[in-house]
Number of protein chains: 2
Amino acid sequence: MSSDRTRSAILAAAERLYADRGFGDVTLRDIVAEANVNLAAVNYHFGSKDELIAELFVTRSLATNRERLNELKAAEEKGGGRAPIDSILHALVGPTLRGCLGPDREGSTAARFMIRASIESVPPIRRIKNREVDHLRKFIAAMRRAMPGRDDADLYWGLHFALAMSHHTIREKERLTKLSEGQCDLNDVDAIVDRVVSVSVMALAGGEMPAKKAPARSAVPHGRLTRQDL
Amino acid sequence: MSSDRTRSAILAAAERLYADRGFGDVTLRDIVAEANVNLAAVNYHFGSKDELIAELFVTRSLATNRERLNELKAAEEKGGGRAPIDSILHALVGPTLRGCLGPDREGSTAARFMIRASIESVPPIRRIKNREVDHLRKFIAAMRRAMPGRDDADLYWGLHFALAMSHHTIREKERLTKLSEGQCDLNDVDAIVDRVVSVSVMALAGGEMPAKKAPARSAVPHGRLTRQDL
DNA sequence: TTGCAATTCAAACAGTTGTATGAAACTATC
DNA sequence: GATAGTTTCATACAACTGTTTGAATTGCAA
């Protein structure tokens with residue numbers, strides 16, 4: 001029953017266009033043109049533009065989270081309930097990095113869409129991301145089991161930094177390539193995953209952080225700019 | 001000559017509104033209402049909306065970059081031309097983190113604006129950020145002097161990760177607070193800077209990365225979602 | 001004061017946006 | 001094949017967007 005053809009065509013077209021041109025300058029009219037469906041179909045099938053975007057993002061997020069948890073579960077079973085810290089972090093950042101980077105990234109609309117979502121952060125997506133906390137808590141729990149001695153705060157910081165490195169690598173992939181003049185190989189995904197995991201493990205295994213002096217800040221008013229670059 | 005009053009009022013109002021509500025839903029009409037000036041004044045003084053945003057961002061970026069280079073220069077002079085790696089990284093991430101985090105963050109419109117710019121990434125800002133590469137190269141050069149043995153690629157990755165941690169901390173400040181239930185103190189900026197620097201140094205000082213097995217990826221089509229959360 | 005340029009202003013422009021409507025076309029069930 | 005429910009369609013709507021216009025006003029120099 002009920003032709004899913006229109007619905008799927010809209011989803012596919014929307015994901016492709018958003019991936020290619022960003023959320024900012026893709027309109028519903030662009031999407032329906034690409035999908036060869038009527039303009040009203042979007043609101044009929046999804047209710048609103050935001051709900052369409054949300055559905056796109058939720059679908060892909062669920063897939064990633066599922067992968068993460070599968071990998072985590074496998075690692076914990078292998079270790080008899082206690083996965084080593086590097087396996088946990090590998091399960092955390094691996095799926096995301098593998099999904100968004102890699103040599104076949106050009107062909108994967110889903111990956112390019114997720115990169116966009118990571119860069120642009122439009123309201124419906126932001127709303128969904130805020131619910132990711134529960135998912136991350138499962139990794140914190142696993143990390144706590146792997147490193148019983150560690151302060152909780154250190155675990156949170158470790159997880160935070162692991163996500164920081166993986167997301168920032170995805171977001172700034174091109175800038176890093178440009179900066180390093182190709183010396184950083186963004187196609188060797190496994191090497192990147194290992195690097196991120198390795199640094200994260202060092203961050204977690206490293207010593208306590210010292211406290212130091214106070215900062216200095218000044219309120220800088222806006223002056224007139226005379227044709228200066230960055 | 002030429003009343004800068006209108007110009008400054010627009011800059012101040014725009015920065016405040018963008019900081020509070022984001023680029024997405026602040027219109028020129030909102031800005032001129034807040035600034036108590038005429039609508040046409042924006043185009044008269046800045047040419048276009050994008051040029052207004054660009055000027056806001058360039059001003060603040062220049063200030064940060066200036067701070068960074070000053071700190072770097074001071075460290076190099078102190079070390080007789082060769083600054084230690086942790087001082088270099090401190091100069092890199094310190095100004096940004098101090099500018100955007102900290103207890104007085106609430107009062108600083110400039111800081112809140114830069115956080116927005118970091119989160120939303122609107123076209124005129126993206127264009128400017130792409131020119132930041134030259135600025136970063138100065139830090140790569142300093143790092144090369146501090147660690148002559150290291151591969152260039154490792155240096156790039158180290159700098160990349162340092163920026164990743166500092167930017168992600170700024171972007172996800174609230175999520176980390178929520179996730180850690182307040183156990184990560186986002187107000188102790190110096191501690192955060194030290195933590196980021198310390199991890200970055202470990203990343204740079206750590207051993208080489210091994211290579212491993214190949215990844216597996218599958219093309220996941222969009223199905224119908226039945227009221228599922230993330 | 002006169003003259004000229006810089007600035008302000010109200011108003012309109014031209015285009016785009018997401019959404020709503022109501023009739024038409026289709027589909028499956030009886 | 002009539003009926004009821006679903007889906008498609010062309011079209012209009014209403015609101016909002018950044019930008020432009022040309023006249024009014026202001027400020028400063030001669």
Side-chain angles (χ1 to χ4, degrees), chain A residues 1-18 20-57 116 120-127 222-226, chain B residues 1-18 20-57 116 120-127 222-226:
Chain A
M1 66 210 65
S2 88
S3 104
D4 265 352
R5 213 173 59 249
T6 302
R7 221 188 122 84
S8 317
I10 291 172
L11 285 168
E15 186 168 48
R16 192 164 354 126
L17 288 179
Y18 284 142
D20 286 344
R21 314 196 330 231
F23 298 100
D25 55 60
V26 171
T27 71
L28 288 188
R29 281 167 179 83
D30 294 332
I31 294 172
V32 297
E34 181 86 358
N36 277 311
V37 300
N38 188 269
L39 174 59
V42 174
N43 288 277
Y44 177 79
H45 284 282
F46 299 94
S48 70
K49 183 197 186 185
D50 277 12
E51 290 177 79
L52 165 61
I53 294 177
E55 173 150 345
L56 280 171
F57 184 70
R116 275 287 173 198
E120 287 198 27
S121 180
V122 81
I125 290 182
R126 232 178 331 228
R127 254 172 269 140
H222 277 290
R224 185 187 288 265
L225 299 185
T226 55
Chain B
M1 64 216 66
S2 87
S3 103
D4 265 351
R5 214 174 56 250
T6 303
R7 223 189 121 83
S8 317
I10 291 173
L11 285 168
E15 187 168 46
R16 193 165 353 127
L17 288 180
Y18 284 142
D20 287 344
R21 308 188 345 222
F23 299 98
D25 54 60
V26 171
T27 70
L28 287 189
R29 283 168 177 82
D30 294 332
I31 294 172
V32 299
E34 181 85 357
N36 277 310
V37 300
N38 188 269
L39 174 58
V42 174
N43 289 278
Y44 178 78
H45 284 282
F46 298 93
S48 70
K49 184 196 186 185
D50 277 11
E51 290 177 79
L52 166 61
I53 294 177
E55 174 149 346
L56 280 170
F57 184 71
R116 276 288 173 197
E120 287 198 28
S121 181
V122 80
I125 290 183
R126 226 172 342 218
R127 253 172 270 141
H222 279 287
R224 186 185 290 264
L225 299 185
T226 56

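Keep in mind the model is a prediction, meaning the values are calculated, not measured. So you know, we letter chains A, B, ... as the sequences are listed, proteins then strands, and number each from 1.
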**Message:** Minimum heavy-atom separation for A/R7 and A/H45, please, with both atom names.
**Reply:**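 Of all heavy-atom pairs spanning A/R7 and A/H45, the closest is NH1-O, 3.3 Å.
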
**Request:** Report yes if a side-chain nitrogen or oxygen of B/T6 is closer than 4.0 Å to either non-bridging phosphate oxygen (OP1 or OP2) of C/dT7; otherwise report no.
**Result:**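 No, no such contact exists.
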
**Request:** Check whether any side-chain N or O of A/H45 sits under 4.0 Å from OP1 or OP2 of D/dT6, and answer yes or no.
**Result:**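 It does not, given that no N or O in the side chain of A/H45 lies less than 4.0 Å from OP1 or OP2 of D/dT6.
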
[N] [atom2] sits how many Å from [X] [atom1], rounded?
X: A/I10; N: D/dT7; atom1: CD1; atom2: C1'; answer: 11 Å
X: B/I53; N: D/dG18; atom1: CD1; atom2: P; answer: 9 Å
X: A/Y44; N: D/dG5; atom1: OH; atom2: P; answer: 13 Å
X: B/F46; N: D/dT19; atom1: CZ; atom2: C1'; answer: 16 Å

**Item:** For B/R127, salt bridge (Lys or Arg N to Asp or Glu O under 4.0 Å) partners two or more places apart
**Value:**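 Scan of B/R127 (salt bridge (Lys or Arg N to Asp or Glu O under 4.0 Å), adjacent residues dropped) gives B/D50.
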
**Item:** Sugar-phosphate or base contact per nucleotide [nucleotides 13-26 of chain C; S, B, -; heavy atom under 4.0 Å]
**Value:** ----BBBBB-----

**Asked** Which distance, rounded to the nearest 0.5 Å, do you find between the CD of A/E15 and the CG of A/D20?
**Response**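 Taking CD in A/E15 and CG in A/D20, the distance rounds to 10.5 Å.
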
**Request:** Please round to the nearest 0.5 Å and tell me the distance separating atom CD1 of B/I53 and atom OH of B/Y18.
**Result:**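 Between atom CD1 of B/I53 and atom OH of B/Y18 there are 3.5 Å.
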
**Prompt:** Got a sec, which residues hit ring pair (Phe, Tyr, Trp, His ring centres under 6.0 Å) with A/F46, two or more places apart in sequence or on another chain?
**Reply:**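 Applying ring pair (Phe, Tyr, Trp, His ring centres under 6.0 Å) to A/F46 gives none.
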
Could you list the donor-acceptor pairs under 3.5 angstrom formed by side chains in residues 26-37 of chain B, with sequence neighbours left out?
unit_1	atom_1	unit_2	atom_2	d
B/T27	OG1	B/R29	N	3.3
B/T27	OG1	B/D30	N	3.2
B/T27	OG1	B/D30	OD2	3.3
B/D30	OD2	B/R21	NH2	2.9
B/D30	OD2	B/T27	N	3.0
B/E34	OE2	B/R16	NH1	2.6

